[in-house]
Amino acid sequence: MPLKVYNSYTRQKEIFTPITPGHIGMYVCGPTVSGESHLGHARPYITFDFIYRYLTFKGNKVRYVRNITDAGHFEEEGREAEDKVTKKALLEKLEPMELVQKYTNLFHWAMLQFNCIEPAIEPTATGHIVEQLNMIETIIAAGYAYEVNGSVYFDVKKYAATHDYGKLSGRIIDDLLETTRELDGQEEKRDKADFALWKSAAPEHIMRWKSPWGEGYPGWHIECSAMATKYLGAEFDIHGGGMDLQFPHHESEIAQSTICNHHQPAKYWIHNNMITVNGRKMGKSYNNQIRLTDMFNGTHPLLTQPFAPMTIRFFILQSHYRSPIDFSSEALQASEKALKRLWEAYEVLQKLSVPADQAAGDAEMDEKIVKLVNELEEFMDDDFSTAKVLANMFDLAPIINSIKDGHIPISAVSTATLQLLQNSFKIYLEDILGLKDTTANDNNALDGVMQLLIDIRKEAKSKKDYATSDKIRNQLLSLGIALKDEKDGNMSWNIE
RNA sequence: GGUCCUGUGGCCGAGUGGCUAGGCAAAGCUCUGCAAAAGCUUCUACACCAGUUCGAAUCUGGUCGGGACCUCCA
């Protein structure tokens, strides 16, 4: 079955065909490490993580490149046209690279919490100044950029005369909002639509590099173009990022790369939608961000409790990546419970076993299971519909639990079907959706203690000493350990 | 102002013109010493108005509401 993806560039779902069969180049805009990641940042990285996982599952070798923006984008509208990283560094009295390192480490830690597979290459902007300078020189030589007072700007008007500037973002240059504010550097530009490739650095600016136009630092857009070209070539398969990057960032990347490489950089542009708070995009502009560390700790006025990284991942998976999701503590709570239920069914499933070569005793049930399982790939092939994948899994969960409870006899399903079900749950839940058990316990001592308590409680119950059995169960619960009596007289437990 | 997206049951959210999305919450039942869990059942909606169609949540037009981008932004 062919994979179909929605290409932002053509605004339609297309059959995905890698440029080189079996190999895929994917570039995703990474974080600007001038501050701590918030909930909104989690979405693209989780989204492109399951996309990466799925492409790999489909038998492709994927080179996943995600940059670290550590040079800081100049603030085009800022009074001082200061480098963002530098500005914060001064406030915190840290060396710029010290700050960059701190937030890079924090970012990596958060990605680990979310069970995101690390990219194959994670290039930094500061590590690719040479490549960026080369690219800028090529653009100047081609006549599409000009230098003013040590800064270099891309000539959008000239480019647009012969190229499709605005196609990706659906923009018409003449319709761009007229800004009335006096902006730094604005008067240097020949046209308000022009964007900076290189900015001359003021004397107090710490991050600076030598260039043919004097000391300065690179513009934001050029870094992605330079790194993507270096590691993935003039044309690669996928370029991803948040929808808010379509303009001007990705539009500008297209223009730069097209002039340098004579080619639109990416065959497929994939953009994830935003996470909103009370209907408003989470971000700097609205000052409504919830930092990831606050999510994990529950330390934010909007949170009623801490939320585990897997809960957040599951929350994101429950809606389609191109739909906006509105954050709320209630919605997260629902996700937490749903994930728990699904995961417990999954654990039950892995413990089921049937005799080899058993035929299906209930053909209808057997077929139903096979159908639900086979649809999983169909859904993922349809532009990564993770929400539908989960819906089918929730349809399968009661069947699994019923088999365990005996409401559905184990003889109803064939050996092949049970194995298919077990394998598929593992592949989709763990390998593709990237979920994992967060309550997993690998402490042998605790296991032993729990077994001891369960034995004592069993004994008490058999003597109808309910005072003792209830005491054990209640005390454990107050410690956050839930003990459940099962049908066969056994007891199971898990840490809440 | 320009470009675009969107309005689904108590809440969150899938939705390809005709077929129960799913989750959470709630209620009832079964199981159970009690509880929890689990299973079964119930609650069955598509902002409003008009149109196209045998048939529209799904297409078209309009009205009203919400949002994104046009500035750093995931």
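Keep in mind that the numbers below use all heavy atoms, side chains included, and drop hydrogens, waters and symmetry copies. Proteins come first, then strands; the chains are lettered A, B, ... in the order of their sequence lines, and each starts at number 1.
If you measure from atom CD of A:Glu378 to atom P of B:A14, you get 19 Å, rounded to the nearest angstrom. In this structure, A:His38 atom NE2 and B:C72 atom C1' are separated by 11 Å, rounded to whole Å. Whole-Å rounding puts the A:Asn273 CG to B:U6 C1' distance at 10 Å. Across the protein-nucleic acid pair, A:Lys167 atom NZ and B:C70 atom P stand 21 Å apart, rounded to whole Å. In this structure, A:Asn287 places its CG atom 18 Å from P of B:C72, rounding to the nearest Å. The nearest whole Å value for the distance from the NE2 atom in A:His250 to the P atom in B:U3 is 23 Å. For A:Tyr6 and B:C5, the OH to P distance is 8 Å, given to the nearest whole Å. To the nearest angstrom, C1' of B:G15 lies 13 Å from CG of A:Asn392.
Comparing the same atom, C1', in B:A74 and in B:U63 gives a spacing of 35 Å after rounding to whole Å. Here, B:G10 and B:C5 have their P atoms 29 Å apart, quoted to the whole Å. For the C1' atom pair drawn from B:G13 and B:C29, the interatomic distance equals 29 Å after rounding to whole Å. The same atom, C1', is picked in B:U32 and in B:G9; the two are 33 Å apart, to the nearest Å. B:G15 sits 11 Å from B:C46 when the C1' atoms are compared, rounded to a whole Å. With both ends at atom P, the span from B:C69 to B:G28 equals 46 Å, rounded to whole Å. The same atom, P, is picked in B:C40 and in B:C4; the two are 47 Å apart, to the nearest Å. On the C1' atoms, B:C49 is 23 Å away from B:G67, given to the nearest whole Å.
With the nearest nucleotide of RNA chain B identified for both A:Phe247 and A:Glu486, A:Glu486 has the one nearer the 5' end. Nearest-nucleotide positions on RNA chain B for A:Gln318 and A:Asp395 put A:Gln318 closer to the 5' end.
Contact between the side-chain N/O atoms of A:Arg280 and the OP1/OP2 oxygens of B:A68 is found at a separation under 4.0 Å. Dashed line: the shortest gap from a side-chain N or O of A:Tyr321 to OP1 or OP2 of B:A14 is not under 4.0 Å. Neither OP1 nor OP2 of B:C4 sits under 4.0 Å from any side-chain N or O of A:Ser169. One finds no side-chain N or O of A:Ser319 lying less than 4.0 angstrom from the OP1 or OP2 phosphate oxygen of B:C12. Close to B:A25, at under 4.0 Å from its OP1 or OP2, lies a side-chain N or O of A:Lys337.
The side chain of A:Lys281 lies closest to B:A68, out of B:C72, B:A68, B:C70. Listed nucleotides B:C69, B:G23, B:C12 differ in distance to A:Phe394; the shortest reach to its side chain belongs to B:G23. Looking at the side chain of A:Asn272, the nearest of the listed nucleotides B:G15, B:A74, B:C4 is B:A74. When the nucleotides B:C69, B:A74, B:G22 are ranked by their closest atom to the side chain of A:Tyr45, B:A74 comes out on top. Between B:A74, B:A14, B:G13, one nucleotide has an atom nearer to the side chain of A:Leu245 than all others, and that is B:A74.
Contact of A:Arg322 with B:C5 (side chain to base): no donor-acceptor pair of N or O atoms is detected under 3.5 Å. Residue side chain A:Arg171 reaches the base of B:C69 through a donor-acceptor N/O pair under 3.5 Å, judged by distance alone. You won't find any donor-acceptor pair under 3.5 Å spanning the side chain of A:Asn278 and the base of B:G67, going by distance alone.
As the counterpart of B:A68, B:U3 is assigned, both hydrogen-bonding distances of the Watson-Crick or G-U wobble pattern falling under 3.5 Å. Checking B:C29 for Watson-Crick or G-U wobble geometry (two distances, each under 3.5 Å) identifies B:G39 as its partner. When both pairing distances are held under 3.5 Å, B:C11 makes a Watson-Crick or G-U pair with B:G23. With a 3.5 Å ceiling on both atom-pair distances, the Watson-Crick or G-U wobble partner of B:G18 is B:C54. Pairing of B:C46, defined by two Watson-Crick or G-U wobble distances under 3.5 Å, is not identified with any nucleotide.
When heavy atoms are screened at a 4.0 angstrom cut-off, A:Ala391 is found touching base atoms of the nucleic acid. Residue-level contact check: A:Lys464 touches neither bases nor backbone, having no heavy atom under 4.0 Å from any strand. Residue-level contact check: A:Phe379 touches neither bases nor backbone, having no heavy atom under 4.0 Å from any strand. Across all strands, A:Gly170 comes closer than 4.0 Å only to sugar-phosphate atoms, never to a base (heavy-atom distances). Residue-level contact check: A:Ser323 touches the backbone only, with heavy atoms under 4.0 Å from sugar-phosphate atoms and none from bases. Nucleic acid contact for A:Met393: none, since no nucleic acid atom lies under 4.0 Å from a heavy atom of the residue. Across all strands shown, A:Ile325 has heavy atoms under 4.0 Å from sugar-phosphate atoms exclusively, and none from any base.
Counting only heavy atoms from C-beta outward, the side chains of A:Lys199 and A:Ser151 approach each other to under 4.5 Å. A:Trp493 has its side chain out of reach of A:Lys484: every pair of non-hydrogen atoms, C-beta onward, lies at least 4.5 Å apart.
The aromatic rings of A:Phe50 and A:Tyr321 stand perpendicular to each other, their planes meeting at an angle above 60°, with 30° marking the opposite boundary.
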Taking N or O atoms only and anything under 3.5 Å, show me the protein contacts with nucleotides 37-41 of chain B, one pair per line.
{"unit_1": "B:A38", "atom_1": "O3'", "unit_2": "A:Asn401", "atom_2": "ND2", "d": "3.0"}
{"unit_1": "B:A38", "atom_1": "O2'", "unit_2": "A:Asp405", "atom_2": "OD2", "d": "2.6"}
{"unit_1": "B:G39", "atom_1": "OP1", "unit_2": "A:Asn401", "atom_2": "ND2", "d": "3.2"}
{"unit_1": "B:G39", "atom_1": "OP2", "unit_2": "A:Arg341", "atom_2": "NH1", "d": "3.2"}

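Here A:Tyr466 counts as stacked on B:G33: its ring centre is under 5.5 angstrom from the base ring centre and the planes meet at under 30°.
A salt bridge does not link A:Asp381 to A:Lys4: none of the charged side-chain nitrogens sits closer than 4.0 Å to a carboxylate oxygen. Salt bridge present: A:Arg53 and A:Asp49 bring a charged side-chain N and a carboxylate O closer than 4.0 Å. A salt bridge links A:Asp382 with A:Lys13; the closest basic N to acidic carboxylate O contact falls under 4.0 Å. We find that A:Lys404 and A:Glu344 are not joined by a salt bridge, their nearest charged nitrogen and carboxylate oxygen being 4.0 Å or further apart. In this structure, A:Lys371 pairs ionically with A:Glu375, as a charged nitrogen and a carboxylate oxygen lie closer than 4.0 Å.
Side-chain rings of A:Tyr159 and A:Phe154 approach one another, their centers coming within less than 6.0 Å.
When A:Ile290, A:Leu39, A:Asp326, A:Ile312 are each tested for a side chain to side chain contact (heavy atoms under 4.5 Å, CB included) with A:Ile275, only one passes: A:Leu39.
No cation-pi contact links A:Arg171 to A:Tyr165, judged by a cut-off of 6.0 Å to the six-membered ring centre and 45° from its axis. Under the 6.0 Å distance and 45° angle rule, A:Arg208 does not count as a cation-pi partner of A:Tyr217.
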